[in-house]
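I have placed the structure first, in the form of structure tokens, so that the comments after it can refer back to it.
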Amino acid sequence: MAKISLSITLVILLCGLTLASRTKILPLSNTTTALAPELNDGVCSSLVKTQGYACEEHLVTTKDGYVLNMQRILPRGKPGNSIPVVLQHGLFMDGVTWLLLPPSQSLAFLLADNGFDVWIANSRGTKYSYQHTSFSSNSSDYWNWSWDELVAYDLPATFEYVHDQTRQKLHYVGHSQGTLVALAAFSKDQQLDKLRSAALLCPIAYVGQMTSQVAKKAADNFIAETLYKLGVFEFSLKGGSVVKFLKDMCAGTSIDCTNLFTSFTGPNCCVNPSLINTFLDHEPQSSATKNVIHLSQMIREGTVSMFDYENQDENIRHYGQSTPPIYDMTSLPNELPLFVSYGGADALSDVKDVQLLLESLKDHEADKLVVQYRNDYAHADFVMGQNAKQDVYEPLISFFKLQ
């Protein structure tokens with residue numbers, strides 16, 4: 001059982017989580033911007049300044065009241081108007097995603113070394129973005145969101161804040177769910193006026209053909225929906241209710257629960273086992289159970305749509321129509337510079353699903369689209385792989401410099 005518990009914790013790596021204790025900050029007024037006081041266990045003080053980089057903590061309040069923490073790593077060796085880059089983590093992760101590798105291999109530090117102004121985002125519900133202007137994190141209201149709200153509130157607040165602070169258009173890097181949020185926003189022509197280009201690592205849009213046994217079984221068995229009906233609104237992979245359901249699912253299927261990490265992400269080629277301890281020092285993070293329900297709907301249906309209330313009256317109340325609106329990937333602007341990198345061993349961002357996304361981009365301007373395929377890479381390799389610097393990050397940085 002100890003192996004099962006550890007593996008379930010490792011599963012969280014899918015998109016990024018955190019085991020560290022919650023930081024309690026008094027609610028702020030409903031403002032858009034604030035320079036945050038530095039915390040002793042904050043990302044800047046514990047992970048960035050210790051490596052010799054200048055770092056600032058910032059608070060950004062969304063229009064629906066969530067207080068998001070961002071870290072700004074100041075560029076090295078290039079004074080003046082450095083170009084900003086926003087790094088957005090995936091599901092069950094936080095901004096520490098980009099700092100797990102040693103400084104010489106970490107994308108955040110490499111960008112700073114190359115003169116970029118680096119802004120690390122932390123989505124609502126994660127350790128450093130756990131506050132709200134009105135709701136307690138123990139309330140169902142606090143957790144009443146899915147990735148639709150990340151599109152509608154978190155991404156705009158982040159982009160607007162960085163743009164206001166730097167007075168420059170920005171580059172964007174997303175991993176996993178961080179790509180989904182961006183693709184959805186860009187498909188609706190949102191935030192494009194503040195954007196230079198976007199890099200999508202393990203792009204998530206269509207997920208109906210994913211091969212991850214754990215994710216598919218959880219979706220097919222309506223685990224998130226069952227937890228929600230039981231009053232579990234915070235989906236925590238270290239929480240007793242969620243872990244029990246996962247254990248029960250493993251006991252009733254052929255899934256090898258002693259190797260859930262691989263069953264979940266695919267066989268990562270290049271993650272040094274010694275990095276797992278670093279990962280467990282910081283991750284996993286919570287998400288909203290409603291968000292996991294939304295992703296489960298996408299897995300079952302193979303669509304890229306807004307949250308389905310599975311009740312015509314509720315859908316009409318929220319959307320003005322009986323079915324949830326879709327995010328049309330063919331509506332992505334053909335002139336938007338995109339860097340897309342995906343792996344042949346990825347069980348979450350499956351090759352067949354990525355091909356559907358690329359088919360939506362068939363009319364994209366040829367000189368505005370770079371597609372990179374790594375046959376041996378799985379989901380975690382793109383943020384924790386010891387070869388990611390030369391395989392992915394250096395081509396990505398070169399792409400940014402061309403825009």
Side-chain angles (χ1 to χ4, degrees), residues 14-17 60 62-64 66 68-70 84-95 97-98 119-126 129 143-163 170-207 210 235 285-288 290-299 303-307 324-329 331-333 336 338-342 348-349 353-354 357 360-361 379 382-383:
L14 156 61
C15 306
L17 315 173
V60 181
T62 67
K63 288 185 178 179
D64 59 345
Y66 289 85
L68 311 179
N69 185 228
M70 295 189 76
V85 180
V86 170
L87 304 180
Q88 178 62 60
H89 62 82
L91 179 67
F92 301 133
M93 296 289 288
D94 64 1
T97 297
W98 308 105
W119 294 78
I120 299 176
N122 296 271
S123 296
R124 61 181 65 191
T126 58
S129 298
W143 296 103
N144 184 26
W145 54 269
S146 80
W147 61 264
D148 284 335
E149 281 67 38
L150 305 186
V151 176
Y153 298 109
D154 285 27
L155 192 74
T158 297
F159 273 43
E160 289 166 14
Y161 183 80
V162 173
H163 184 264
L170 56 91
H171 296 294
Y172 178 89
V173 182
H175 175 245
S176 195
Q177 183 180 263
T179 69
L180 173 62
V181 171
L183 286 167
F186 303 159
S187 74
K188 293 183 174 293
D189 290 331
Q190 296 173 5
Q191 308 307 316
L192 295 174
D193 60 329
K194 303 176 184 67
L195 183 68
R196 291 175 185 265
S197 71
L200 311 175
L201 308 182
C202 308
I204 296 287
Y206 303 98
V207 289
M210 70 162 53
F235 197 95
Q285 300 293 326
S286 294
S287 186
K290 183 178 179 180
N291 186 42
V292 181
I293 292 173
H294 192 177
L295 294 167
S296 298
Q297 292 172 349
M298 295 169 62
I299 293 171
T303 56
V304 191
S305 302
M306 298 186 76
F307 184 85
I326 65 168
Y327 294 100
D328 184 1
M329 295 296 108
S331 295
L332 289 164
L336 174 63
L338 292 176
F339 178 95
V340 178
S341 186
Y342 67 110
L348 293 165
S349 178
D353 283 325
V354 176
L357 173 62
S360 299
L361 300 174
H379 209 70
F382 288 87
V383 289

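Predicted, not measured: the structure shown is a model, and the values here were computed from it. For this chain, numbers begin at 1 and follow the sequence in order.
In this structure, Y66 and W145 have perpendicular ring planes: the angle between them is above 60°, well past the 30° mark. A perpendicular orientation is assigned to the rings of F186 and Y172, their planes being inclined by more than 60° (bins at 30° and 60°).
Judged by distance alone, the side chain of D154 and the main-chain N or O of S123 form no donor-acceptor pair under 3.5 Å. Side chain of H175 to main chain of L87: no donor-acceptor pair is present (N/O by atom type, distance under 3.5 Å, no hydrogens or angles). E149 contributes a side-chain N or O that, together with a main-chain N or O of S146, makes up a donor-acceptor pair within less than 3.5 Å. A donor-acceptor contact shorter than 3.5 Å links the side chain of H294 to the backbone of S305.
The distance from the CZ atom of R124 to the CG atom of N291 is 10.0 Å, given to the nearest 0.5 Å. Rounded to the nearest 0.5 Å, atoms CE (M306) and CD1 (I326) are 12.0 Å apart. Taken from OG1 in T97 to CG in N122, the straight-line distance is 8.5 Å, to the nearest 0.5 Å. Note that the CD atom of E160 and the CD atom of Q191 stand 5.5 Å from one another [nearest 0.5 Å].
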*side-chain contact (heavy atoms from CB on, under 4.5 Å) evaluation trace for W119 with L170*: CA-CA 10 Å; W119 294 78; L170 56 91; over 6 Å; no
Determine, step by step, whether Q297 and T303 satisfy the side chain to side chain donor-acceptor pair (under 3.5 Å) criterion, reporting the C-alpha distance in whole Å, the side-chain angles of both residues, the deciding distance to 0.1 Å, and the verdict.
CA-CA 8 Å; Q297 292 172 349; T303 56; over 6 Å; no
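Scanning both residues, D148 and F307, for their nearest heavy atoms gives OD2-N, 2.8 Å. Of all heavy-atom pairs between S349 and P203, the closest is OG-O, 2.7 Å.
Counting only heavy atoms from C-beta outward, the side chains of K290 and N144 approach each other to under 4.5 Å.
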